[in-house]
Amino acid sequence: MSSWSRALDTLVRERGAALFGYAYVLTGNRAEAEDLVHDALVRTFRRGRGNGSIDSAHAYVKHAITTAFIDGGRRASARPQRAPGDVGDVSTPASAAHAPPTPDHSPDVAQALDLHAAILTLPPRERACVVLRYLDDRPIAGVAAELGLATGTVKRYLADAVAKLRTIVDVDFDDPTHPPTDVRVSVNHHSTRSKS
Amino acid sequence: MTNATDHFATLERLGAQQFRDTSLAADHSDVTRTVRRHRTVRAGVGTFAGIGLVGAGAYGLTQIDGVGDPIGPGATSSPAPSQSTGPVGEAVPTPVQELVLIPVGMAAEHSVDGFARAWGLSPEQAREILEAPLPAHAEGNLEGWLAPGRWSTSEWEAPELMAQAMITATVETLESNGIEPSRWHEVLTRASLVQMEARREEDMPHVAAVISNRLEMDMQLELDSTVKYASESEGVFTSADERAVDSPYNTYRNRGLPPGPISTVSEEAIAAVAMPLITEDLYFVVVNLDSGEMLFAADFEQHQDNVLQLQEWVMQNDPDLGPSPSPSP
């Protein structure tokens, strides 16, 4: 067994869950996340980039996940649509039917899931900017470097994304690059009983 | 309100806990096989991959990179760039998307996808259901008609009823702003331009007025937001190529309003179109990309001065932003 395959085994065993978790935050879909991680592992290790420390391999694979996610989003319209109800899809009632009964979510978890649903409405580049900025707590320049974009472009994506998210979710996006503006932050909750 | 970073950490942890149910976790031999195939092909040209295949020792090979600790028997791994740990034994809830979230400034196809997911429909079915309640004035075009906000599937017995409510809410907003049905389509179109061009709510009535004034004087609108709708370009500014895209929505090439709305619209944008600022201004430009501050002008010379301000801001704050804005409109 060669060293790269040992390195691959180790990475999957020790960091597979973390990498999958990241891909899952980006896609909200178990099967898509799995595909992203699988392809990212292949691309990283076939280029010989998995042979350094486990941290550098982790970083390479994570970067490959990000770029594949963004590229995949742009080609989504060309791909055949997945049928709703496929196992592993976070967003269909059918997947809930397959799941084991869950205890009541803590309020924090419920809010986190709310945020997840909200970012899944964002187009891929905006979503990637939000996740890199707030999950990894990266500075703007770091996000820009990771995505190969100008910092101004990243700021614009973040501003657009947060403006949209603020209308649909109650979460504090503390972003020091954007001083408070005159934007109203109320959330419209529509129901049959009352007009908001 | 709680910190976004905390929530994302929770989501990553929850996602990571589901890894054990994936086939990848159980068996990644497919990855290994695919990598090996590729490295075999490259071995012949004496690349780094080739060294591995002729059996260099594990420590020797991993020392070549020279970064951090090598992975080998007995080596301990250091903390991950983003470690997923969590309390032992925490249950893994399966998130179910029961909400249709419609943000402002969003193209309809995304809302169609969200609606489809929430109700377990195909995108085609969702689109049909969403288009059914459209008034005749919409001409079958969903863009701009879905009222932004949170819509929960638990509140409606059927997707058709939710779709109806989404469109009725928009009609109610139009009516409460005194807009007659014959003007609904046009007002939504204008409101979507205001929504996409104004960065701050306070500027919306002013932007609405500029659009109105230009149309009255038969000046082309030349709005970047219409180009971006037509060509899905990236970046803050548009290039000359993008502004030449052949689409009826491109207001650099076509006179008048685009054929229909270019995004979902907020109540504020509709109100701004219903009651625009009283002004003779014909131009606007954002001069600070951080705050969204805009400057308006009644004549082209003044506008050119304003555009210079933006160019200065870009040079000082973000020189590698890409092609600088053109002086027109």
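Below, chains carry the letters A, B, ... as their sequence lines are ordered, and counting in each starts from 1.
- Shortest non-hydrogen contact noted between B/P103 and A/T121 is CG-OG1, 3.7 Å.
- Using a 4.5 Å cut-off between heavy atoms, B/D203 does not touch chain A at all.
- At a 4.5 Å heavy-atom cutoff, the contact between A/V25 and chain B is made by side-chain atoms alone.
- Note that the OG1 atom of B/T10 and the CG atom of A/L115 stand 9.5 Å from one another [nearest 0.5 Å].
- Residue with the most contacts toward chain B among A/D160, A/D114, A/L122: A/D114 (heavy-atom pairs, distance under 4.5 Å).
- With A/E34 contributing its side chain and B/L24 its backbone, the two residues share a donor-acceptor pair below 3.5 Å.
- Between A/G16 and B/F19, the closest heavy-atom pair is C-CE2, 3.6 Å.
- To the nearest 0.5 Å, atoms CZ (A/R30) and CD (B/Q18) are separated by 6.0 Å.
- A/I119 touches chain B through its side chain: at least one heavy atom from C-beta onward sits under 4.5 Å away, while N, CA, C and O do not.
- The structure places CG of A/D136 at 7.5 Å from CD of B/E12, a figure rounded to the nearest 0.5 Å.
- Interface check for chain A: of the options B/S154, B/A107, B/S111, B/S23, the most heavy-atom pairs under 4.5 Å are formed by B/S23.
- A donor-acceptor distance shorter than 3.5 angstrom exists from the side chain of B/T5 to the backbone of A/Y134, with no hydrogens or angles considered.
- When each of B/T264, B/L161, B/T32 is checked for heavy-atom pairs under 4.5 Å with chain A, B/T32 comes out on top.
- Rounding to the nearest 0.5 angstrom, the gap separating the CG atom in B/L14 from the NE2 atom in A/H116 is 9.5 Å.
- Between atom OG1 of residue B/T34 and atom CG of residue A/D39 there is a gap of 9.0 Å, rounded to the nearest 0.5 Å.
- Closest non-hydrogen pair, A/A17 versus B/A16, comes out as O-CB, 3.2 Å.
- Pairing each heavy atom of A/I168 with each of B/R150, the nearest pair is O-NH1, 2.7 Å.
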side-chain contact (heavy atoms from CB on, under 4.5 Å) between B/V31 and A/F45, intermediate numbers included: CA-CA 9 Å; B/V31 176; A/F45 279 84; 5.9 Å; no

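- Minimum heavy-atom separation, A/Y24 to B/G15: CD2-CA, 3.6 Å.
- Shown here for A/D9 and B/H28, the closest heavy-atom pair between the two residues is OD1-NE2, 2.6 Å.
- Once rounded to the nearest 0.5 Å, the distance linking CG of A/L26 with CG of B/L11 reads 11.0 Å.
- Proximity to chain A (any heavy atom under 4.5 Å) is restricted, for B/I102, to the backbone atoms N, CA, C and O.
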